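When a ligand or atom number is given, it counts from 1 through the structure's own listing order. Remember, predicted model here, so these are calculated numbers, not experimental data. Numbers here are sequence positions counted from 1.
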Amino acid sequence: MPAHDVLIIGAGLAGQRAALAAAEAGATVAIMSKVHPVRSHSNAAAGGINAALNPDDSWESHAFDTVKGSDYLGDQDAIEIMCREAPGEVLWLEHRGVTFHRNLEGKLGTRAFGGASAARTYYVADITGQALLHVLYEQLMKFHERIDRYEEWFVTALVQDDDGNCCGAVARDIRDGTMELFAAKSTIQASGGAGQCFKPTTNALICTGDGIAQSFRIGAPLMDMEMIQYHPTTLAGNGILITEGARGEGAHLYNAQGERFMEKYAPNKMELASRDVVSRSEQTEINEGRGFPDGTVALDITKVPRKRTLEALREIVNIGRDFAGVDITREPIRIRPGCHYIMGGVKTDVWGETDIPGLYAAGEVACVSVHGGNRLGANSLLDTLIFGRRSGEHAARRAAGMTMPAASEAALADERRMVAEIMGRSGGGRRISEIKDELGTMMNEKCAVFRTHEGLSEAHATIRRLKEEASVAAIDDRGTVFNQDVLGAIELGYMLDVAECIVVGAIERRESRGAQFRLDFPERNDGEWLKHINLSVNGGGAPKISYSPVTMTQWEPQERTY
Ligand SMILES: Cc1cc2nc3c(=O)[nH]c(=O)nc-3n(C[C@H](O)[C@H](O)[C@H](O)COP(=O)(O)OP(=O)(O)OC[C@H]3O[C@@H](n4cnc5c(N)ncnc54)[C@H](O)[C@@H]3O)c2cc1C
């Protein structure tokens, strides 16, 4: 049985940063990913990473913007840590070889992002995530003697010992179907987000909430699950993202009547208000009949000098041409709000520790909570790196003081049985892809920018039905080599668990805050709801609800205007 001090599930930015920190601290590490590491979803990150690095900026200003952006639901101790450590992290990346954009003076250049009171987003054109991921992967090679890479391995479940400590995971080698038990003193979930619960979404096909569901299933509470970010600028139909970097560079939003409508909703920040505010404004224009017939408004990037667009936004020039047939340097492109990011996730402290001893979480899978009700653009890459590193360091420290726990082979037998049961299903049920489509389309209708009790209750009933249908849905491929069919069936189970938690949290929060706007409770209600909603596994029933306080350090809630 492979055994390591630290097992990391996920090789995006959070996982790779955790692996480097744990290895530097002297631990033996296994890092595992269901796709090749540099195909992790962090690769898609475009616009940049925030840090108050300029002498005329301050971490306090970055922290306040983040607290305000979160609609005061973010935990201020965690936000302070993230913003204080951000400049050092960006410099660390640069020293490792990330070719951040430099201005004409040769200094690191910034662009403005939404909800920020200073231009503090550092970037590599509009391929920032890709640039970071490749540099971290190079660094992993340097530690090859201490870091074992399990590429294209799919974790199916976390494993606990008799005392409830997490002591590893079971995984399937996608190449040949072999299943293995991996023992570990510390296990870090860094398995990313869950955007595929919605259709369309900006998220890749691999973002199926695996780690959120796996942690939930062994008893780790989830937090802020109702907070789903709808990004203001996604293409209709396919959901592909047009980076906020476009508005950061000066693009404007117009309705079908040619009005620059953000003047009404956020007269000071305009297009660079926080994402929840811009998405709600767009959706209001569309719902009130001032959008285009295809349910969109227009993003006019021709306001940005063409030379600058071709230099700094070259990926979205390609996306506009290839996916919308539009030359964004010469004409506006139609966009609308689309599912983009999950602020909630596995509840952790500021060292990534969950409520299950030995289990950590970092990155989009986790909820520290630094994003609260609404994440500011370019704060997620930062979150993955800061809390990935901290989790790696802490997990290594924990491992240094203990012997290898006894991971029971029974867990492996259970997972083999689970796969055999899926493979053995006789045909007749609905197809996995059909159930997934119904889930995503329904979530995008009932659990999007505007929500109501009625719509959310219908969503919950649909999810319960889909769970029944998924439990008997047959697959076609019964082979062992690259069997994506069986993985699809397992992922569907994760997505349904995650979707149920999102909907139950959204029903419970009877107020409007951040990304959660309830038409039946349109006001923020600090008296009753300035608290986190936590969800825990409850047998096969709907998740159990509890609450935890929001940590305040120096910023009292205020009215939020932009
Ligand atoms: C289009 C787009 C653009 C974005 N742009 C920005 C930006 O400019 N700035 C910013 O701050 N944020 C941005 N974000 C958000 C940010 O990219 C993500 O939140 C962040 O990269 C998530 O990183 P992660 O390491 O947590 O997860 P990921 O990068 O998603 O990595 C997850 C890892 O887990 C592995 N995994 C998952 N399940 C399993 C399993 N069952 N078994 C084994 N391995 C598994 C995957 O293979 C992968 O290696 C953007 C998001 C999108 C969708």
Side-chain angles (χ1 to χ4, degrees), residues 7-19 31-51 86 111 113 121-133 136-137 149-158 169-174 182 188-196 201-214 229 231 233-234 239-245 248 275 315-316 319 338-343 345 361-366 371 375-385 387-388 391 487 490-491 494:
L7 167 65
I8 298 169
I9 305 167
L13 286 174
Q16 293 200 32
R17 189 67 186 91
I31 183 164
M32 199 168 276
S33 171
K34 66 181 177 181
V35 294
H36 187 280
V38 297
R39 296 179 71 95
S40 298
H41 190 56
S42 294
N43 194 45
I49 176 170
N50 286 334
R111 60 167 52 126
F113 251 57
T121 304
Y122 294 87
Y123 62 96
V124 182
D126 53 356
I127 56 161
T128 310
Q130 186 181 343
L132 266 52
L133 204 55
L136 289 197
Y137 193 61
R149 301 188 322 277
Y150 293 88
E151 297 171 356
E152 299 186 317
W153 279 74
F154 184 101
V155 170
T156 61
L158 296 167
V170 175
R172 177 181 168 93
D173 184 346
I174 300 175
F182 287 78
I188 304 178
Q189 274 288 5
S191 47
Q196 285 291 320
T201 172
T202 61
N203 286 202
L205 285 169
I206 54 174
C207 300
T208 45
D210 306 11
I212 301 178
Q214 288 163 2
Q229 179 162 83
H231 192 291
T233 54
T234 71
I240 292 175
L241 183 81
I242 302 295
T243 174
E244 187 165 308
R275 288 179 177 174
E315 273 307 303
I316 59 166
I319 287 173
C339 165
H340 181 59
Y341 183 85
I342 180 159
M343 270 74 75
E364 197 168 336
V365 70
H371 309 301
R375 169 173 76 84
L376 292 189
N379 262 356
S380 171
L381 294 186
L382 183 60
D383 168 17
T384 63
L385 294 163
F387 294 103
S391 303
L487 303 187
I490 299 171
E491 287 173 340
Y494 298 143

Okay, side chain of [X], backbone of [Y]: is any donor-acceptor separation there less than 3.5 Å?
X: R111; Y: G47; value: yes
X: E364; Y: I342; value: yes
X: Q229; Y: H340; value: no
X: Y494; Y: T156; value: yes
X: S42; Y: L13; value: yes
X: Q214; Y: A169; value: no
X: Q16; Y: A11; value: yes
X: T202; Y: L241; value: no

Using a 4.0 Å cut-off to any heavy atom of [X], which atoms of ligand 1 qualify?
X: Y341; result: 19 (O)
X: G192; result: 26 (O), 27 (O), 30 (O), 32 (C)
X: N203; result: 53 (C)
X: V35; result: 47 (O)
X: G363; result: 26 (O)
X: A190; result: 32 (C), 33 (C), 34 (O)
X: L241; result: 1 (C), 2 (C), 3 (C)
X: A378; result: 9 (N), 10 (C), 11 (O)

Task: Salt bridge present between D210 and K34 (N-O < 4.0 angstrom) - done: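 Result for this pair is yes, salt bridge flagged.
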Can you check which of [options] brings a heavy atom nearest to [atom]?
atom: atom 23 (O) of ligand 1; options: G12, G195, S42; value: S42
atom: atom 14 (N) of ligand 1; options: R172, E364, R375; value: R375
atom: atom 9 (N) of ligand 1; options: G48, G47, A169; value: G48
atom: atom 4 (C) of ligand 1; options: A45, C207, G345; value: A45
atom: atom 32 (C) of ligand 1; options: S33, A44, S191; value: S191

Does [X] reach ligand 1, in the sense of a heavy atom lying below 4.0 Å from it?
X: P37; result: no
X: N379; result: yes
X: G211; result: no
X: G129; result: no
X: L13; result: yes
X: Y494; result: no

Closest heavy-atom pair and its distance - [X], [Y]:
X: T208; Y: Q196; answer: CG2-CB, 4.0 Å
X: V365; Y: S191; answer: CG2-OG, 3.7 Å
X: A46; Y: T243; answer: CB-CB, 3.8 Å
X: S380; Y: R375; answer: CB-NH1, 3.3 Å
X: G195; Y: C339; answer: O-SG, 4.0 Å

Using distance alone, determine whether [X] and ligand 1 share an N or O pair under 3.5 Å.
X: G377; answer: no
X: A11; answer: yes
X: V365; answer: no
X: D210; answer: yes
X: H340; answer: no

Task: Protein contact of atom 35 (C) of ligand 1 - nearest heavy atom, named by residue and atom, plus distance - done: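 Its nearest protein heavy-atom neighbour is G10 CA, 3.5 Å.
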TODO: Take T128 and T121 through the side-chain contact (heavy atoms from CB on, under 4.5 Å) test and state the conclusion after the steps.
DONE: CA-CA 11 Å; T128 310; T121 304; over 6 Å; no
Task: Per-residue contact class, V155 against ligand 1 - non-hydrogen pairs under 4.0 Å - done: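 It is both parts that get close, each with some atom under 4.0 Å.
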